[in-house]
Every structure is written in structure tokens, then in C-alpha cells.
J.: 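One structure, as C-alpha cells, below. Some questions next.
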Amino acid sequence: MHDFELALRTQRLHLIAATGPLARAAATGHAALSEALDAIVPTEWPPPLLADHVEEFAINLEQHPEQVGLSMWYFVRDDASVGERVLIGSGGAGGVVDADGTLAIGYAVLDAFQRQGYATEAMSAIADWMFARREVERLTADTYPHLTPSIRVMEKLGMRLLGDGPEAGTIRYVRDA
């Protein structure tokens with residue numbers, strides 16, 4: 001088992017905070033990421049919402065190592081009843097806490113693992129970790145009104161509808177510490 005700089009455990013998941021080297025492995029390809037995470041990386045990886053940003057995350061974390069934990073986390077299913085470690089999703093924040101203590105979060109889970117409670121399980125632990133930091137006073141998340149499963153995750157995280165999001169047609173949810 002690898003020793004990760006920052007990791008959390010839940011009942012079924014090993015949540016691993018991306019570092020510069022780990023994000024670089026993700027940008028390099030499946031084999032490098034699999035080795036770095038000590039987990040199977042499905043061929044469907046990365047999720048569509050993440051696909052265009054893998055290199056961007058790597059560069060950002062290489063240039064800003066202080067953002068470890070406030071940026072992306074990998075969701076590795078590490079359930080003893082299944083018997084194998086599999087990368088199933090990712091989530092986290094934009095890396096920078098706004099002057100008013102706000103941090104924007106997001107998440108994505110591969111299709112085969114959706115609607116099984118993984119996003120809620122992962123983001124609940126990550127949100128608790130983020131709120132334990134003094135400078136984080138509020139989490140926000142944006143989605144589209146028709147993405148009911150995403151809204152349910154936000155509601156289970158204790159978030160409430162704030163109103164319109166920053167992009168046309170989006171809505172914003174918020175949770176205060």
C-alpha cells in the first residue's frame with residue numbers, strides 16, 4: 001500500500017488528495033495513475049466533466065502544492081467485500097478559498113458506480129475535512145436543475161438552494177460551517 005500525503009477513509013472508500021506528482025500521473029495515463037493510486041483505473045476514466053481538465057489540475061498542483069486537500073481528491077473504492085481497489089470518481093474544490101471563506105466544490109463518479117451513495121459518502125468526508133480548516137466558512141456547488149441525482153447529493157451534504165448559478169441555466173447550492 002502506498003503512503004499518501006493526505007488521505008481519508010470512509011466505510012467503502014479511500015479518499016486520496018491529489019498532489020502534483022499524483023495529478024501528473026493522471027495526466028500521463030491509466031498505467032501511471034493505476035500505479036500511483038495502487039488501484040485499478042477503469043477504461044472509462046476520467047469522467048466526462050474531468051476529461052478536459054486533467055492537465056490543468058496537474059499544472060496547478062505542481063505550481064501550488066499548498067492547495068493539496070483544497071483541490072481534487074480521488075475516490076478509490078476499497079471495500080473489503082469487493083476485494084479490489086478501483087478508482088470510481090473524483091471531487092473536491094477549486095483550491096483557493098475566497099476572501100469571504102467560500103470554497104466551490106464539485107464531484108464526478110463514473111457511470112457504473114453512480115446512484116450507490118459514493119458521491120455523498122466521499123464528499124461528506126471531504127466537506128468535513130474542509131470545514132475543519134479555519135479559513136473555510138462556506139461551500140458552494142453549482143449544477144443544472146434537471147440533474148436530480150446531483151441535487152440529491154448536495155441536499156444529503158446539508159446544502160440548500162441559494163438561487164441562480166454563475167452560468168446560464170445553472171443553480172447554486174450552499175452550506176455554511
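Every heavy atom of this structure was used, including side-chain atoms; hydrogens, water molecules and symmetry mates were not. Only a predicted model underlies this, so the values are computations on that prediction, with no experimental measurement involved.
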J.: Got a second to check how far T143's OG1 is from M154's CE, nearest 0.5 Å?
T.: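 Spacing of OG1 (T143) from CE (M154) equals 4.5 Å.
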J.: Would R160 count as a cation-pi partner of Y173, with NZ or CZ less than 6.0 Å from the six-membered ring centre and within 45° of the ring normal?
T.: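 No, R160 and Y173 do not form such a contact.
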J.: Between the main-chain N or O of D111 and the side-chain N or O of E44, is there a donor-acceptor pair closer than 3.5 Å?
T.: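 No; judged by distance alone, with no hydrogens or angles, the pair does not exist.
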J.: Is the closest side-chain heavy-atom distance between L6 and I16 below 4.5 Å?
T.: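 No; the side chains remain at least 4.5 Å from each other.
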J.: Should side-chain heavy atoms under 4.5 Å link Ile, Leu, Val, Met, Phe, Trp and Tyr, which residues sit in the same cluster as L162?
T.: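 Direct or chained contacts put L162 with V174.
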J.: In Å, rounded to the nearest 0.5 Å, how long is the span from CG of D38 to CG of L33?
T.: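 Taking CG in D38 and CG in L33, the distance rounds to 11.5 Å.
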J.: Which heavy-atom pair separates V86 from A39 by the least distance, and what is that distance?
T.: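 In this case the closest contact between V86 and A39 is N-CB, 4.3 Å.
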J.: Write down the atom of G92, the atom of W73, and the distance for their closest heavy-atom approach.
T.: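 Scanning both residues completely, I find the closest heavy atoms to be CA-CD1, 4.2 Å.
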J.: Should F131 and L139 count as side-chain neighbours, where that means a heavy-atom distance under 4.5 Å?
T.: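 Yes, their side chains come closer than 4.5 Å.
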J.: Using modelled atom types only, decide if a donor and an acceptor are shared between the side chain of Q67 and the backbone of L61 within a distance under 3.5 Å.
T.: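 Not at all, since once roles are kept as given, no pair shorter than 3.5 Å links the two residues.
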J.: Can you pull the side-chain hydrogen bond (donor to acceptor under 3.5 Å, both in side chains) pairs that have at least one residue in residues 21-31, sequence neighbours excluded?
T.: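 Only R24-E55, R24-E62 qualify under side-chain hydrogen bond (donor to acceptor under 3.5 Å, both in side chains).
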J.: Minimum heavy-atom separation for I151 to I171, with atom names?
T.: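 Between these two residues, the closest heavy atoms are CD1-CD1, 3.9 Å.
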J.: In plain terms, say whether R138 and D100 are close enough for a salt bridge, that is, a side-chain N and a carboxylate O under 4.0 Å apart.
T.: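 Salt bridge flag = yes for D100 with R138.
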J.: Between R152 (side chain) and T120 (backbone), is there a donor-acceptor pair under 3.5 Å?
T.: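 No, because the side chain of R152 does not come within donor-acceptor range (under 3.5 Å) of the backbone of T120.
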J.: Please give me the minimum heavy-atom distance between A93 and M130, naming the atom from each residue.
T.: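 So the minimum-distance heavy-atom pair works out to CB-CE, 3.7 Å.
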J.: A side-chain contact here means heavy atoms from C-beta on lying under 4.5 Å apart; do Y74 and V41 qualify?
T.: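 SC-SC contact between Y74 and V41 ruled out.
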J.: Would you compute the distance between atom CZ of R175 and atom CG of L103 and round it to the nearest 0.5 angstrom?
T.: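 These two atoms lie 12.5 Å from each other.
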J.: If I compare all heavy atoms of L157 with all of S124, which pair ends up nearest, and what's the gap?
T.: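 For L157 and S124, the tightest heavy-atom pair comes out as CD2-N, 3.4 Å.
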J.: Count the heavy atoms belonging to other residues, nucleotides or ligands that lie under 6.0 Å from CD of Q11, then report whether that count exceeds 12.
T.: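 Atom CD in Q11 is not crowded, with 12 or fewer foreign heavy atoms closer than 6.0 Å.
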J.: To the nearest 0.5 Å, what is the distance between OG1 (T102) and CD1 (I105)?
T.: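 It is 11.5 Å, given to the nearest 0.5 Å.
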J.: So do the side chains of F113 and P47 get within less than 4.5 Å of each other, counting heavy atoms only?
T.: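 Answer no - side chains too far apart.
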J.: Is there a side-chain contact between P149 and R115 (heavy atoms, below 4.5 Å)?
T.: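 In contact.
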J.: To the nearest 0.5 Å, what is the distance between OG (S150) and OH (Y144)?
T.: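 The distance works out to 11.5 Å.
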J.: Heavy-atom distance under 4.5 Å between the side chains of F57 and L50, does that happen here?
T.: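 Sidechains of L50 and F57: in contact.
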J.: Tell me if the centroids of the rings in H14 and F4 come within less than 6.0 Å of each other.
T.: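 Here the rings of F4 and H14 have centres that are less than 6.0 Å from each other.
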J.: Flag the pair K156 / V153 as yes when at least one side-chain heavy-atom distance between them is below 4.5 Å, and no otherwise.
T.: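 Sidechains of V153 and K156: no contact.
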J.: Please test V68 against E5 for side chain to side chain contact (heavy atoms under 4.5 Å, CB included), starting from the C-alpha separation and ending with a verdict.
T.: CA-CA 9 Å; V68 169; E5 185 174 323; 3.9 Å; yes
J.: At their closest point, which heavy atom of A17 faces which heavy atom of G69, and how far apart are they?
T.: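 That closest heavy-atom pairing would be CB-N, 4.0 Å.
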J.: Going through the distances and angles, do F75 and I126 end up as a side chain to side chain contact (heavy atoms under 4.5 Å, CB included)?
T.: CA-CA 10 Å; F75 306 169; I126 292 168; 3.8 Å; yes
J.: Salt bridge check: are D78 and R9 linked by an N-O gap of less than 4.0 Å?
T.: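 Answer for the salt bridge query: yes.
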J.: Please check this pair: side chain of Y118 against backbone of L13, looking for a donor-acceptor N/O pair closer than 3.5 Å.
T.: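 Not confirmed, Y118 side chain does not pair with L13 backbone.
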J.: Got I88 and V76 here, is their nearest side-chain heavy-atom distance under 4.5 Å?
T.: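 Result no, sub-4.5 Å side-chain heavy-atom pair not found.
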